[in-house]
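Just so we're on the same page: letters track the sequence lines, and every chain starts at 1. Source: prediction; values computed, not measured. Because only heavy atoms are used, hydrogens play no part in the values below, and waters and symmetry mates are left out as well, while side chains stay in.
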Amino acid sequence: MTTELKMDVPQPRFLDQTQQGVLGKPIPRVDGALKVTGQATYAAEWQMDDMAHGVFVGAAIPKGHFTIDRDSIAGMDGFLGLYTDNLVRNSARGTLNTNPVQPGDRVDYLGQSIALVVAETFEQARDMAAALKVSYTRDDDAVTDLSEYDDWELKVGIELGDVDAAMDAAHKSVDLEYTTKGHNSGAMELHGSIASWDGDHVTVRSSLQMLGFNRNELADSLGVPPEQVRLLSPYVGGGFGSKLGIGPDSVGAAVAARDLGRPVRVVLTRPQVFDTTIRRTETRQHIRLAANQDGRLTGISHVNWQSNLPGEGHAEPVDAATRFLYAGENRYCAHYMARRNSPATGDVRSPGEAVGMLTLEAAMDELAEALEMDPIDLRIRNIPEVHPGNGKPISSNGMASSLRQGAEAFGWDQRQPTGTRREGEWLIGMGVAAAARANLLMPSSARVTLNPDATAVVETDMTDIGTGTYTILGQIAAETLGLPTESVTVHLGDSNFPTASGSGGSWGATSSGSSVLIAARAIRKTLAERMGCEEEALTLKDGMATGGNKRSALSELIDQPISEEGKIDKGKLTKGTHQAGYGAHFAEVAVNTVTGEVRVRRMLAAMAAGRILNEQTARSQVYGGQIWGIGSALHEGLEFDTRTGHIANHTLGEYYVPVHLDVGDLDVLFIDERDDMANPMQAKGIGELGFCGAAAAVANAIYNACGVRIRDFPATPDRIFPHL
Amino acid sequence: MKSFDYVRPETADAAHEAAGRFIAGGTNLIDLMKLQVETPEKLVDINRLDLRGISTEGDGLKIGALVSNSELAADLRIRTDYPLLSRALLSGATQQLRNKATTGGNFLQRTRCPYFYEPHQACNKRTPGEGCSAQGGVTRMLAVLGTSEHCLAAHPSDMAVAMRALDAKIAVTRADGTTERLALDDFYLLPGDRPDRETVLEPGDLITAVHLPAPAAGRQTYRKVRDRSSYAFALVSVAARIAMEDGKISDAALAFGGLAPRPWRDGAVEEILIGEAPSEALFGKAADRLLAEAKGAGGNDFKIPLTRRTLIAVLNDLTGESA
Ligand SMILES: Cc1cc2nc3c(=O)[nH]c(=O)nc-3n(C[C@H](O)[C@H](O)[C@H](O)COP(=O)(O)OP(=O)(O)OC[C@H]3O[C@@H](n4cnc5c(N)ncnc54)[C@H](O)[C@@H]3O)c2cc1C
């Protein structure tokens with residue numbers, strides 16, 4: 001049986017009534033030990049009989065056509081095949097359900113996977129990929145340098161009132177330009193796939209975030225019905241957006257495996273991950289804020305310039321939070337898109353807010369200074385009653401409590417005037433920024449089975465990309481069915497299981513968690529019937545059922561497994577309310593007055609994200625977000641050679657993310673909250689919230705430390721020391 | 001990676017006879033082989049040769065070519081008498097890499113210029129005569145001193161900068177069995193029109209040891225400025241030893257990393273300092289001298305003022321009261 005819930009009405013707080021007491025508890029990840037002992041087998045680690053190995057060849061020109069000299073490698077030892085047709089140009093962005101293959105001889109950006117060489121061993125294939133002779137005809141109209149680009153496509157996102165007039169009439173205003181560099185997801189696990197065919201059915205072990213969509217995408221690429229595609233992704237070593245859609249590896253492996261009649265493994269190299277999976281666009285941003293004498297915003301304008309490959313639909317929603325975070329009657333948000341011969345852009349962790357809140361919240365800091373207001377007061381004063389763009393009610397907004405409680409816990413009152421706190425060569429400062437990230441719900445299904453021996457099994461094609469999904473889904477089922485968590489087994493990452501939301505957009509835990517809750521509640525219903533009581537009167541704890549003046553062990557109530565499927569879907573509330581996680585970020589940094597080097601000493605994130613399902617995994621997500629915040633404030637940035645579009649720093653040795661020493665003490669404070677409009681668990685997404693705004697707190701702390709306003713990110717030493 | 005032969009001789013003689021490319025820690029060579037930037041046909045693994053250990057030699061030290069970067073950094077004599085070397089080593093790479101990386105291999109690590117690593121980009125260091133894509137490209141990590149129109153690459157080593165400041169000598173056994181001790185300026189070549197030739201070593205020449213002279217007077221430091229706090233190559237680094245007598249600088253040794261195709265030392269800079277009382281003006285003059293010929297390529301222009309600031313801070317530090 002399937003029970004479906006559409007989010008049409010506010011949900012009762014069922015999970016505050018249950019008795020097992022495991023939900024929310026800081027239970028370590030159940031897959032943790034497997035992972036640190038190497039027993040969790042990742043996609044490309046499977047050993048298949050008779051497996052062949054494929055290595056991609058990347059285009060050496062930014063735009064044009066190529067021809068391949070097959071004979072240049074066909075005689076080499078171990079050669080099995082060379083494929084140029086039916087490959088995809090780049091990884092798909094998320095939730096598309098399609099990923100069309102590309103015409104065989106066209107190059108749209110440097111590094112594009114143009115040919116797949118398959119050999120008996122990986123080493124042979126790699127050598128052949130280097131030896132393959134490719135000739136090119138290079139088009140001379142490749143766009144690799146945007147400094148004089150003039151073909152921008154404008155898209156206005158919102159236009160309310162008259163921002164220009166608000167700026168003219170403002171008591172104080174700021175008018176600021178920013179730049180941010182492109183980012184790569186840089187997930188630890190390389191993108192890799194093993195494909196094997198059995199007749200006209202293909203099984204692909206791959207590293208993917210959203211199997212329901214991915215199955216359709218791969219079927220589209222291969223020209224087969226989705227029913228003939230099975231995907232297995234039980235363990236995923238990070239995704240951060242780059243594995244939302246299928247990529248060159250899964251398509252290439254499946255194409256070659258079909259032709260050769262044997263399993264084929266394809267793993268991208270680290271440079272290929274940078275070159276051919278989606279990246280976050282670089283941005284130029286223009287922010288204008290107008291405020292009246294009371295420090296109320298009267299005008300907000302956020303315009304950005306970004307780029308993507310020709311023909312790609314994605315645009316980074318840079319102004320996503322600007323649209324709803326603060327009140328203000330005059331509003332304008334728009335973006336300008338350039339078409340550029342560089343790797344496609346798409347969703348990288350916290351798409352939009354990652355770079356858009358960095359700038360908005362840095363601009364708010366400047367406005368607070370202009371108004372001579374405490375930046376926390378300014379923010380709280382401008383929290384809107386309803387969504388300021390469309391008037392929808394806000395489901396819950398914990399920003400004020402986050403700012404207040406965060407300030408208290410962080411010691412915000414110790415903040416000194418700009419440039420006055422010195423320790424030897426170092427200047428110390430504190431910064432604050434708001435956090436916000438839209439809360440999303442996606443259709444999601446799961447099957448829960450309760451066995452007579454008081455164990456349960458959860459099955460869904462949901463993925464755990466290192467976030468803790470295995471653990472929290474087990475906790476939800478255990479809490480609902482009154483079982484210890486050890487009695488619940490969770491199976492994920494198999495497209496044969498009921499289709500889940502997938503991991504992305506911070507909707508995974510809430511969407512797939514709700515489906516598990518719904519399925520488990522359907523089982524409770526049956527148990528209540530057997531106990532002869534209403535479900536509300538049923539208490540389940542430690543394998544015992546109590547209700548209607550009876551007490552009974554589950555083993556006595558059922559003599560065969562009960563299986564139920566649960567499904568959550570968007571409803572009237574999903575559309576009719578504005579939902580977001582909110583919070584506040586605090587940072588303390590030290591800036592070296594000689595070199596401009598910045599060290600983040602400590603950070604605190606106060607997070608209001610509804611019910612917290614597991615305090616430890618949630619905290620770890622926030623830590624990750626804070627660290628990404630440090631990275632995007634100080635380190636991360638793709639360096640393009642503007643002559644070719646080549647990414648000069650396409651390895652983790654050269655593309656800097658924070659190392660341990662860059663990360664000071666991290667602290668996380670969860671604000672007690674329930675969001676009845678979001679889903680039956682009253683929880684909101686936390687995975688990305690911990691990142692949104694974190695970089696701005698660092699940037700604002702740099703200013704408080706040394707008086708240098710950073711407007712170009714990352715804030716490398718050369719962007720700071722000249723001003724000291 | 002191209003297929004290659006692999007041998008692991010037990011003695012230096014056998015290593016020379018094997019006539020192939022030496023491999024020590026492999027932390028640099030293997031990466032380059034995977035990219036086919038290096039394509040040796042035969043690897044001669046020298047890890048079984050008797051080139052380990054740190055021993056006293058007269059008033060100085062002899063460091064075997066196979067001593068790991070970790071071991072060298074942790075050695076009590078190094079930490080006591082040559083602390084800038086220990087600091088330099090510890091500022092390089094990561095613990096895991098330092099455990100594998102050897103003293104000999106560290107001197108010979110290749111540049112981190114991004115164009116050196118890309119087969120589709122022109123690089124005179126990789127393929128002589130091909131051109132230099134770095135000119136006009138991404139130049140953040142590249143050199144500002146000692147470059148030529150053919151090559152902008154910087155030498156990436158921290159250890160070698162420290163060794164230059166300490167007047168270390170590299171002991172080499174030539175392929176024909178003759179031995180030499182080379183000062184670093186006689187060991188490293190500037191790129192000129194042959195950037196592929198980085199040292200005076202010929203194929204088959206083996207580094208056997210490094211000799212440090214007797215510890216010299218003064219305070220020492222190694223300061224490395226970089227884009228993140230660890231696991232990053234230097235934007236600029238300064239290895240410095242300054243001795244003071246009667247309020248005046250009596251001796252100085254200054255070497256610089258991240259700036260040039262080899263560890264950079266300029267005697268004229270030290271001459272400006274020696275015999276003088278420390279002052280901002282004096283340090284400024286020394287920095288002016290050091291950077292007189294420095295030339296940025298765009299993305300690395302900032303290295304020039306950054307070097308100036310860092311040098312002055314280091315000199316203040318080593319000549320100040322409370323350092
Ligand atoms: C990710 C990364 C980050 C790094 N960061 C830094 C850093 O911040 N600072 C820094 O200084 N270094 C850094 N390094 C470089 C590291 O220090 C070098 O790779 C290491 O020192 C090389 O030593 P090895 O023994 O591994 O050399 P190998 O790779 O074995 O050899 C390097 C070269 O030396 C030759 N060779 C080795 N031994 C001898 C010998 N006895 N006689 C003659 N020829 C010999 C080899 O033929 C080869 O050409 C980094 C390296 C990596 C991979």
Side-chain angles (χ1 to χ4, degrees), chain A residues 58-61 77 110-111 122-124 126-127 129-131 134 136 269 271 424-425 592-600 630-631 634-644 646-654 656-664 714-719 721-722 724, chain B residues 1-4 31 33-37 39 93-95 97 112-115 117-121 133-142 156 223-233 235-236 238 296 298-314 316-317 322:
Chain A
I61 58 162
D77 267 359
L110 192 135
F122 166 70
E123 287 75 12
Q124 289 169 336
R126 185 171 57 185
D127 192 23
V134 186
Y136 297 95
T269 63
E425 270 181 13
N592 190 284
T593 49
V594 174
T595 62
E597 290 165 293
V598 178
R599 299 286 180 261
V600 175
I630 296 170
L634 303 179
H635 309 117
E636 281 193 61
L638 295 170
E639 298 290 346
F640 287 97
D641 186 319
T642 53
R643 301 164 302 182
T644 57
H646 160 231
I647 300 173
N649 58 343
H650 57 182
T651 72
L652 291 181
E654 274 80 27
Y656 291 157
V657 297
V659 296
H660 287 285
L661 206 52
D662 291 308
V663 181
T716 44
D718 50 302
R719 287 172 159 174
F721 80 76
L724 293 174
Chain B
M1 192 178 274
K2 294 232 167 279
S3 295
F4 55 89
D31 280 0
M33 286 169 65
K34 287 182 186 166
L35 296 168
Q36 299 197 5
V37 173
T39 52
T94 63
Q95 183 69 57
L97 283 159
R112 295 282 158 173
C113 173
Y115 298 92
Y117 290 81
E118 300 298 337
H120 55 76
Q121 304 277 337
S133 291
Q135 307 272 3
V138 176
T139 57
R140 181 172 182 80
M141 299 305 290
L142 305 187
R223 183 158 182 174
K224 179 176 177 180
V225 185
R226 45 193 150 167
D227 278 331
R228 62 180 172 191
S229 34
S230 166
Y231 194 34
F233 288 94
L235 297 170
V236 169
V238 184
N300 61 352
D301 293 352
F302 71 91
K303 284 189 174 185
I304 299 169
L306 182 59
T307 304
R308 184 187 174 81
R309 297 171 76 101
T310 310
L311 172 60
I312 292 172
V314 161
N316 272 320
D317 187 22
S322 62

What distance separates B/Leu235 CG from A/Glu597 CD, expressed to the nearest 0.5 Å? 8.0 Å
For A/Thr644, is it the side chain, the backbone, both or neither that has a heavy atom under 4.5 Å from a heavy atom of chain B? side chain
Winner by heavy-atom pair count (cut-off under 4.5 Å) against chain A, out of B/Met141, B/His120, B/Lys303: B/His120
Please give me the minimum heavy-atom distance between B/Pro114 and A/Ala648, naming the atom from each residue. CB-O, 3.5 Å
Using a 4.5 Å cut-off on heavy atoms from C-beta on, say whether the side chain of A/Leu661 contacts that of B/Arg228. no
Under the criterion side-chain contact (heavy atoms from CB on, under 4.5 Å), I'd like the reasoning laid out for A/Glu123 against B/Met1: C-alpha separation, chi angles, the key distance, then a yes or no. CA-CA 7 Å; A/Glu123 287 75 12; B/Met1 192 178 274; 5.8 Å; no
Portion of A/Ile61 that has a non-hydrogen atom of chain B nearer than 4.5 angstrom: neither
Check the pair A/Thr269 / B/Lys34 against side-chain contact (heavy atoms from CB on, under 4.5 Å), numbers first and verdict last. CA-CA 11 Å; A/Thr269 63; B/Lys34 287 182 186 166; over 6 Å; no
Working to the nearest 0.5 Å, report the span between OH of B/Tyr231 and CG of A/Leu652. 7.5 Å
Is it the side chain or the backbone of A/Val657 that comes within 4.5 Å of chain B heavy atoms, both, or neither? both
Kindly give the heavy-atom pair with the smallest separation between A/Asp641 and B/Tyr115, and that separation in Å. OD2-OH, 2.6 Å
One should read off an interatomic distance between B/Arg223 CZ and A/Thr595 OG1, to the nearest 0.5 angstrom, of 5.5 Å
Identify which part of B/Tyr117 has an atom lying under 4.5 Å from any heavy atom of chain A, answering side chain, backbone, both or neither. neither
Between A/Glu425, A/His646, A/Gln124, A/His650, which has the largest tally of heavy atom pairs under 4.5 Å with chain B? A/His646
Rounded to the nearest 0.5 Å, the OG atom of B/Ser133 sits from the CZ atom of A/Arg643 at a distance of 5.5 Å
Interatomic spacing from CG in B/Asp227 to CD in A/Glu636 - rounded to 0.5 Å: 13.0 Å
Measure distances from A/Asp77 to the heavy atoms of chain B and classify the residue's part below 4.5 Å as side chain, backbone, both or neither. neither
Examine whether an atom of B/Pro119 lies under 4.5 Å from a heavy atom of chain A, and if so say whether it belongs to the side chain, the backbone or both; otherwise answer neither. neither
Roughly how far, to the nearest 0.5 Å, is the CG atom of A/Leu724 from the CZ atom of B/Arg309? 6.0 Å
Chain B contact via A/His660 - side chain, backbone, both or neither, heavy atoms under 4.5 Å: neither
For the residue pair A/Phe721 and B/Phe302, does the interplanar ring angle fall in the parallel (under 30°), tilted (30 to 60°) or perpendicular (over 60°) class? tilted
